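What follows is one structure encoded as structure tokens, with my remarks underneath.
Remember, predicted model here, so these are calculated numbers, not experimental data. Lettering of chains follows the sequences in order, A, B, ..., and the numbering in each one begins at 1.
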There are 2 protein chains.
Amino acid sequence: MKTKALRITNPRLAMLRVLSECKNPISAEEIHKLAGDGTLDLVTVYRNLDSLEEAGVVQRHPIERGKNLYALVSPDHHHHHVICRRCGLIEKLPGCDTIKLEIAAKNQGFTDLTHIMEIYGICPRCSSNPSHE
Amino acid sequence: MKTKALRITNPRLAMLRVLSECKNPISAEEIHKLAGDGTLDLVTVYRNLDSLEEAGVVQRHPIERGKNLYALVSPDHHHHHVICRRCGLIEKLPGCDTIKLEIAAKNQGFTDLTHIMEIYGICPRCSSNPSHE
DNA sequence: ATGAGTGCAAATAGTTTGCAAGCTG
DNA sequence: CAGCTTGCAAACTATTTGCACTCAT
């Protein structure tokens, strides 16, 4: 799992444990809270999220302005999510369609392609419940 | 252009002018700088980006951690971009493939769908130039 | 032993909120 | 005139940086 010259350390193991236990993307803050045996620093979480993202182990999901969630890259199949604009509910979507666009990007000479993508909407519960929080 | 009960004010006109002159997405800060005849406040830019995004006039493009760029929604065709991870170069990509995913989301009961998506890579110039800044 | 990784403290960057005053419809 | 908008000041949140120390290799 750590094939990219990344050292195996307690903070990293803790983070990966937390990430592997969450089926939905979570924030750095949450990782810190959950993995935190008290000694793990939030700064370390951020730094490791960087390295792990670069190593292709985690995937970043930008949500609302200035926030990001992280999740392990699904070993089997890459996917994305729908996020409810009102209540924040996150659901998985099957597969990913971006191949065409990546090919277009490759044709423009870009290499080493990755992408981020999120779909937003109003979830069933929220749309049936007119309370506009 | 402002069909959604949004008032026509100088700040908004200035912002729309700037946005319409930029073919690539730009940041709130840049809009502020460019539209700023000195009186326009950055806060107003943010507030109007919110209203305009909600009104469907502008589109938000989340890039690196915690940053967002904005662009007018192309009246003709919706599209996305490739962004060079190294130098930040942004290029347009033709069209958008997300329909399948949006259908999947709709099937899960979500309504009012929108999405964000960006592709990252290394641009031709950067990959031929090994200086790893 | 040596440098990647960590914790702590402090700094940034981007964005949001409260409130009184201004301007649009 | 009423209420959407704005400016200003200040608060926040998420993230980054510097530095000395530690631990994996």
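A:Thr39 comes within contact range of the sugar-phosphate backbone alone, with a heavy-atom separation under 4.0 Å but no base atom that close. Using a 4.0 Å heavy-atom distance criterion, B:Ser51 is classed as making no nucleic acid contact.
Going from atom CZ of B:Arg12 over to atom P of C:dC23 covers 15 Å, rounded to whole Å. For the pair B:Glu54 CD and C:dT16 C1', the interatomic distance rounds to 16 Å; values are reported in whole Å. Put simply, CG on A:Asn48 is 12 Å from C1' on C:dG7, counting in whole angstrom units. A straight line from CG of B:Leu13 to P of D:dT5 spans 13 Å, rounded to a whole angstrom. Look at CG on A:Leu69: it is 14 Å from C1' on D:dT15, rounded to the nearest Å.
Interatomic distance, A:His61 NE2 to A:Ile26 CD1, rounded to the nearest 0.5 Å: 11.0 Å. Rounded to the nearest 0.5 Å, atoms SG (A:Cys22) and CD1 (A:Ile31) are 8.0 Å apart. Separation of atoms OH (A:Tyr46) and NE2 (A:His32) is listed at 10.0 Å; rounding is to 0.5 Å. For the atom pair CD1 (B:Ile90) and CD1 (B:Ile119), the distance works out to 13.0 Å, reported to the nearest 0.5 Å. In this structure, the separation between CG on A:Leu40 and OG1 on A:Thr9 is 9.0 Å, given to the nearest 0.5 Å. Atom CG of A:Leu93 is separated from atom CD1 of B:Ile103 by 11.5 Å, given to the nearest 0.5 angstrom.
Each end of the helix from C:dA1-D:dT25 to C:dG25-D:dC1 gets its own axis, taken as the rotation carrying the C1' atoms of four end pairs onto the next four within a five-pair window, and the two axes meet at 50° to the nearest 10 degrees.
Closest non-hydrogen pair, B:Val73 versus B:Gly56, comes out as CG2-O, 3.4 Å. A:Leu101 approaches B:Pro94 most closely through the heavy-atom pair CD2-O, 3.3 Å. A:Ala71 approaches A:Leu19 most closely through the heavy-atom pair CA-CD2, 4.1 Å.
By the side chain to side chain contact (heavy atoms under 4.5 Å, CB included) test, B:Lys100 is found to be paired with A:Asp97, residues two or more places apart in sequence or in another chain being considered. In this structure, the ring-ring contact (aromatic ring centres under 6.0 Å, His included) partners of B:His115, at least two apart in sequence or on a different chain, are B:His78, B:His80.
Checked by atom type and distance alone, the side chain of A:Arg60 never pairs as donor or acceptor with a backbone atom of A:Leu69 at under 3.5 Å. Counting only distance, with no hydrogens or angles, the side chain of B:Arg12 and the backbone of B:Asn48 share no donor-acceptor pair below 3.5 Å.
The side chain of A:Arg47 sits closest to D:dC19 out of D:dG7, C:dT15, D:dC19. Of all nucleotides listed (C:dG7, C:dT15, D:dT15), D:dT15 comes nearest to the side chain of A:Leu42.
Each of B:Pro11 and A:Tyr70 was matched to the nucleotide of DNA chain D holding its nearest heavy atom; the match closer to the 5' end belongs to B:Pro11.
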Mind listing the N/O atom pairs, protein and nucleotides 11-14 of chain D, below 3.5 Å?
| unit_1 | atom_1 | unit_2 | atom_2 | d |
| --- | --- | --- | --- | --- |
| D:dA14 | O3' | A:Gly66 | O | 3.3 |

Under 3.5 Å, which N/O atoms of the protein pair with N/O atoms of nucleotides 9-12 of chain C?
none

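With 3.5 Å as the limit, one finds a donor-acceptor pair spanning the side chains of B:Glu30 and B:Ser27.
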Original post:
Base, backbone or nothing for each nucleotide of nucleotides 20-25 of chain D, written B, S, -, heavy atoms under 4.0 angstrom, 5' to 3'?
Top reply: ----BS
